[in-house]
Student: 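Let me give you the structure first, and then I'll get to my questions.
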Amino acid sequence: MPRIRATVNCDMGEGYSLYKMGDDEALMKTIHLANVACGFHASDFSIMNETVQLAKANNVLVGAHPSLPDRQGFGRREMAMEPEELASCFIYQVGALLGFLVAHGMTLNHIKPHGAVYGMTARDPALARAAVGVAKTFNVPFMGLAGTCHQAAAKELGVPFIAEWFADLEYSPEGKLIITKKHDPVPLSAVRDRVNKLLEENMITTTAGFLPLAEGVSEVSICCHSDTPGAVEIAETVKALVDKNNEQVRGA
């Protein structure tokens, strides 16, 4: 089975005011794509500005990371929202980030939902179409879970799709991402095994074994969360494996 090309992404700029979440300075040196919080689960105008500047300094592409309006729950609690309302919620947040990108001579690379709404849009076709429709509005790819409503909506709306896989979260026996409010530590050995299984065999590690990656995926972006304990070490480990893999893909 041929290897697939990969990138590394991380959710960034998730502090607020004087409060800091994760080591963005160190993480930005280990990734290709930064998903920048847009103010509804974390961040504010100063942090968005600083995060965009940090990404530019490290040649990292910036995507928007919109959330449900739930700062107290860090966007990891579900709430009822109609598709039209969700689209407006996302446009509002992406527009805010886009202003800082324009100010610093950068462009928006993609949109990736955050936390609970990531799972909601992966399961609900109407919500998925609303979220992906925002990516279409801004003329950028949508990052999400392969084999779910994310990928189906992107295909339906003609929006480029970036398949995402998580190095620091677990998947259920059915292959569904297990989204937790607080991330537990993950041994680096487990991260290495999961990443190698994905890149070498196109297999997703679940709590019960392995499942094949969804059809139609030739490239994947691997996420490392900034609030997972040992995040920098995890990202460095994943980046080393991805760089080695991509060299082999290029040489094939």
Side-chain angles (χ1 to χ4, degrees), residues 7 9-16 21 24 28 31-56 60-71 73-76 78-79 81-122 124-145 148-151 153-164 221 223 225-226:
T7 58
N9 80 79
C10 186
D11 303 340
M12 310 288 282
E14 293 187 315
Y16 178 73
M21 174 72 77
D24 283 8
M28 202 70 83
I31 63 174
H32 305 97
L33 311 175
N35 316 304
V36 178
C38 302
F40 273 23
H41 75 281
S43 192
D44 56 34
F45 45 83
S46 294
I47 288 180
M48 271 194 275
N49 185 50
E50 293 166 2
T51 307
V52 168
Q53 289 179 296
L54 185 61
K56 184 175 182 178
V60 171
L61 301 175
V62 172
H65 198 38
S67 168
L68 294 172
D70 180 25
R71 186 172 288 162
F74 202 66
R76 288 176 177 162
E78 293 193 3
M79 64 174 62
M81 191 170 282
E82 294 298 320
E84 183 177 356
E85 185 180 14
L86 181 64
S88 296
C89 177
F90 275 21
I91 290 172
Y92 184 93
Q93 295 176 77
V94 177
L97 177 64
L98 184 60
F100 292 106
L101 291 170
V102 171
H104 294 292
M106 298 185 72
T107 58
L108 182 68
N109 186 72
H110 63 278
I111 293 174
K112 170 192 166 182
H114 166 80
V117 75
Y118 188 94
M120 291 165 61
T121 52
D124 186 309
L127 291 179
R129 282 191 290 271
V132 174
V134 175
K136 189 178 183 71
T137 296
F138 286 94
N139 196 31
V140 295
F142 184 88
M143 182 184 290
L145 286 177
T148 70
C149 294
H150 288 164
Q151 188 173 11
K155 182 177 180 180
E156 177 185 338
L157 297 178
V159 172
F161 181 71
I162 301 173
E164 184 177 36
S221 191
C223 179
H225 287 96
S226 63

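Index from 1, following the sequence.
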Student: For the backbone of D124 and the side chain of R129, can you confirm whether one donor and one acceptor N or O come within less than 3.5 Å of each other?
Tutor: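 Looks like no, no N/O pair under 3.5 Å.
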Student: Check N9 against S221 and note the closest heavy-atom contact, atom names and distance.
Tutor: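 Closest pair (atom of N9, atom of S221, distance): ND2-OG, 2.9 Å.
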Student: Do you know the tightest heavy-atom contact between A34 and M28?
Tutor: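 Minimum heavy-atom separation between A34 and M28: CB-SD, 4.1 Å.
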Student: Can you measure from SG (C38) to OH (Y92) and round to the nearest 0.5 angstrom?
Tutor: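 Answer rounded to 0.5 Å: 11.5 Å.
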Student: Please output the side-chain donor-acceptor pairs of residues 46-55 that fall under 3.5 Å, not counting sequence neighbours, one pair per line with the distance.
Tutor:
| unit_1 | atom_1 | unit_2 | atom_2 | d |
| --- | --- | --- | --- | --- |
| N49 | OD1 | H104 | NE2 | 2.6 |
| T51 | OG1 | I47 | O | 2.7 |

Student: According to side-chain hydrogen bond (donor to acceptor under 3.5 Å, both in side chains), who are the partners of T121, at least two apart in sequence or on a separate chain?
Tutor: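 side-chain hydrogen bond (donor to acceptor under 3.5 Å, both in side chains) check on T121 returns H150.
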Student: Taking atom CZ as the centre, does F138 end up with more than 12 heavy-atom neighbours from other residues, nucleotides or ligands that are less than 6.0 angstrom away?
Tutor: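 Buried by this count: over 12 neighbours within 6.0 Å.
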Student: Out of curiosity, T107 OG1 to L98 CG, how far, rounded to the nearest 0.5 Å?
Tutor: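 Between T107 OG1 and L98 CG, I get 9.5 Å after rounding to 0.5 Å.
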Student: Would you give the length of the straight line joining atom NZ of K136 to atom CD1 of I111, rounded to the nearest 0.5 angstrom?
Tutor: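 The CD1 atom of I111 is 12.5 Å from NZ of K136, to the nearest 0.5 Å.
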Student: Ignoring hydrogens, what is the shortest heavy-atom contact between E164 and Y118? Give both atom names and the distance.
Tutor: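 Shortest heavy-atom separation between E164 and Y118 comes out as OE1-OH, 2.7 Å.
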Student: How long is the span from the CG atom in L157 to the CZ atom in F142, to the nearest 0.5 Å?
Tutor: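 With rounding to 0.5 Å, CG (L157) is 10.5 Å from CZ (F142).
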Student: Walk me through whether T7 and L61 qualify under side-chain contact (heavy atoms from CB on, under 4.5 Å).
Tutor: CA-CA 11 Å; T7 58; L61 301 175; over 6 Å; no
Student: Could you label the plane-to-plane angle of the F74 and H114 rings as parallel, tilted or perpendicular, counting under 30° as parallel and over 60° as perpendicular?
Tutor: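 The arrangement is perpendicular - the two ring planes meet at more than 60°.
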Student: Would you check if the side chain of D11 reaches a backbone N or O of H225 as a donor-acceptor pair within less than 3.5 Å?
Tutor: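 Such a contact is absent between D11 side chain and H225 backbone.
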Student: What's the separation between atom CE in M12 and atom CG in D24, rounded to the nearest 0.5 Å?
Tutor: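 Answer rounded to 0.5 Å: 4.0 Å.
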Student: Quick one: closest heavy-atom pair of P66 and V117, and the distance?
Tutor: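 Heavy-atom minimum between the residues: O-CG1, 4.2 Å.
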Student: S43 and Y16: which non-hydrogen atoms are nearest, and at how many Å?
Tutor: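 Smallest interatomic distance, heavy atoms only, reads O-CD1, 3.3 Å.
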Student: Drop me the distance from M81's CE to F90's CZ, to the nearest 0.5 angstrom.
Tutor: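 One finds 8.5 Å between CE of M81 and CZ of F90.
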Student: Under the criterion side-chain hydrogen bond (donor to acceptor under 3.5 Å, both in side chains), which of E14, R76, Q93 is the partner of H41?
Tutor: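 That would be E14; it is the only one of E14, R76, Q93 passing the side-chain hydrogen bond (donor to acceptor under 3.5 Å, both in side chains) with H41.
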Student: Quick one: side-chain hydrogen bond (donor to acceptor under 3.5 Å, both in side chains) partners of T148, sequence neighbours excluded?
Tutor: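 side-chain hydrogen bond (donor to acceptor under 3.5 Å, both in side chains) list for T148, sorted by chain: empty.
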Student: Judged by atom type as modelled, is there a donor-acceptor pair below 3.5 Å linking the side chain of H65 to the main-chain atoms of K112?
Tutor: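 Present.
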Student: Does CD in E84 sit with more than 12 non-hydrogen atoms of other residues, nucleotides or ligands closer than 6.0 Å?
Tutor: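 No.
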Student: Short question: side chain of E78, backbone of M120 - any donor-acceptor pair under 3.5 Å?
Tutor: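 No, E78 side chain to M120 backbone: no donor-acceptor pair under 3.5 Å.
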Student: Determine the minimum heavy-atom distance between L127 and E82, stating which atoms define it.
Tutor: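 L127 and E82 have their closest heavy atoms at CD2-C, 4.2 Å.
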